[in-house]
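To keep things clear, I will list the structure first and then write my remarks on it.
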Amino acid sequence: MEFNSLRLTGFKSFVDSTELSIEPGLTGVIGPNGCGKSNLLEALRWVMGATSAKSLRGSGMEDVIFSGTDARPSREHAEVKLVIANDDRTAPARFNENTIIEVVRRIVRGAGSTYKVNGEEVRAKDVQLLFADAGTGANSPALVRQGQISELINAKPENRRRVLEEAAGVSGLRARRHESELRLKAAESNLDRLQDVIDELE
Ligand code: ATP
């Protein structure tokens with residue numbers, strides 16, 4: 001799975017629709033202070049399902065929407081589209097039919113976020129798992145922001161372990177285990193309720 005392009009519309013300082021192609025290999029973003037380098041990286045994190053406003057340098061999720069300048073009014077929505085090449089067919093089965101996968105996240109003021117994969121509306125969790133299974137995601141150590149190396153050196157062992165798990169590609173399995181445990185609990189409680197009904201009938 002390789003990232004092909006990223007399109008930002010109304011996301012932070014990118015008020016006009018801006019599309020970037022992502023070439024294979026290591027990508028560095030350079031430019032003068034305040035030109036939007038970190039905003040680009042945040043757009044990538046956001047479209048992969050980032051849920052913490054703090055990690056996107058905001059106090060609320062709607063802070064990612066263009067908030068206006070002296071010259072331009074604020075926007076009511078923001079959208080980021082990430083196009084991924086799936087030539088190696090490593091996406092989860094339900095998204096694996098196509099060689100190109102388009103992931104779109106959109107936020108509207110007062111209405112929250114929605115996600116689409118190849119035009120089909122999906123849950124945040126589906127998008128997070130799509131990337132986690134490919135060994136990447138909003139918290140991937142492959143996305144290196146300013147100050148992250150020193151943070152890692154000073155991190156607690158369990159946080160450092162998470163970085164290693166991401167790199168080893170097992171974080172998707174951890175998320176799936178958690179989901180399975182929740183389902184198992186729900187099934188157990190349904191069985192208990194069923195037993196109550198059977199006991200009443202007997
Ligand atoms: P540096 O090199 O100083 O770290 P940078 O290139 O990483 O800077 P960013 O931090 O990505 O720059 O962008 C900062 C700019 O984005 C600021 O001008 C800020 O006002 C603008 N900005 C951030 N959020 C929004 C928003 N919601 N609406 C409009 N502009 C925003």
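Owing to the predicted nature of the structure, the values given are computational and were not obtained by experimental measurement. Along the sequence shown, residues are numbered consecutively beginning with 1. We count ligands from 1, going down the list as the structure has it; atoms in each ligand are counted the same way.
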Take I84 and N4 through the side-chain contact (heavy atoms from CB on, under 4.5 Å) test and state the conclusion after the steps.
CA-CA 5 Å; I84 306 160; N4 271 2; over 6 Å; no

On a heavy-atom basis, which atom in R89 and which in E97 lie closest, and how many Å separate them?
NH1-O, 2.8 Å

Considering only heavy atoms, which protein residues lie less than 4.0 Å from any atom of ligand 1?
K12, S13, P32, N33, G34, C35, G36, K37, S38, N39, R57, D63, I65, F66, S67, Q146

Are any of the side-chain heavy atoms of F66 and R72 separated by less than 4.5 Å?
yes

Between L152 and R160, is a side-chain contact (heavy atoms from CB on, under 4.5 Å) present by the stated rule, with each step listed?
CA-CA 7 Å; L152 192 61; R160 243 182 268 158; 4.0 Å; yes

Using the rule that Ile, Leu, Val, Met, Phe, Trp and Tyr join whenever any side-chain heavy atoms are under 4.5 Å apart, tell me whether V15 and I65 fall into a single cluster.
no

Step-by-step side chain to side chain donor-acceptor pair (under 3.5 Å) determination, N39 to S13
CA-CA 7 Å; N39 293 346; S13 51; 2.8 Å; yes

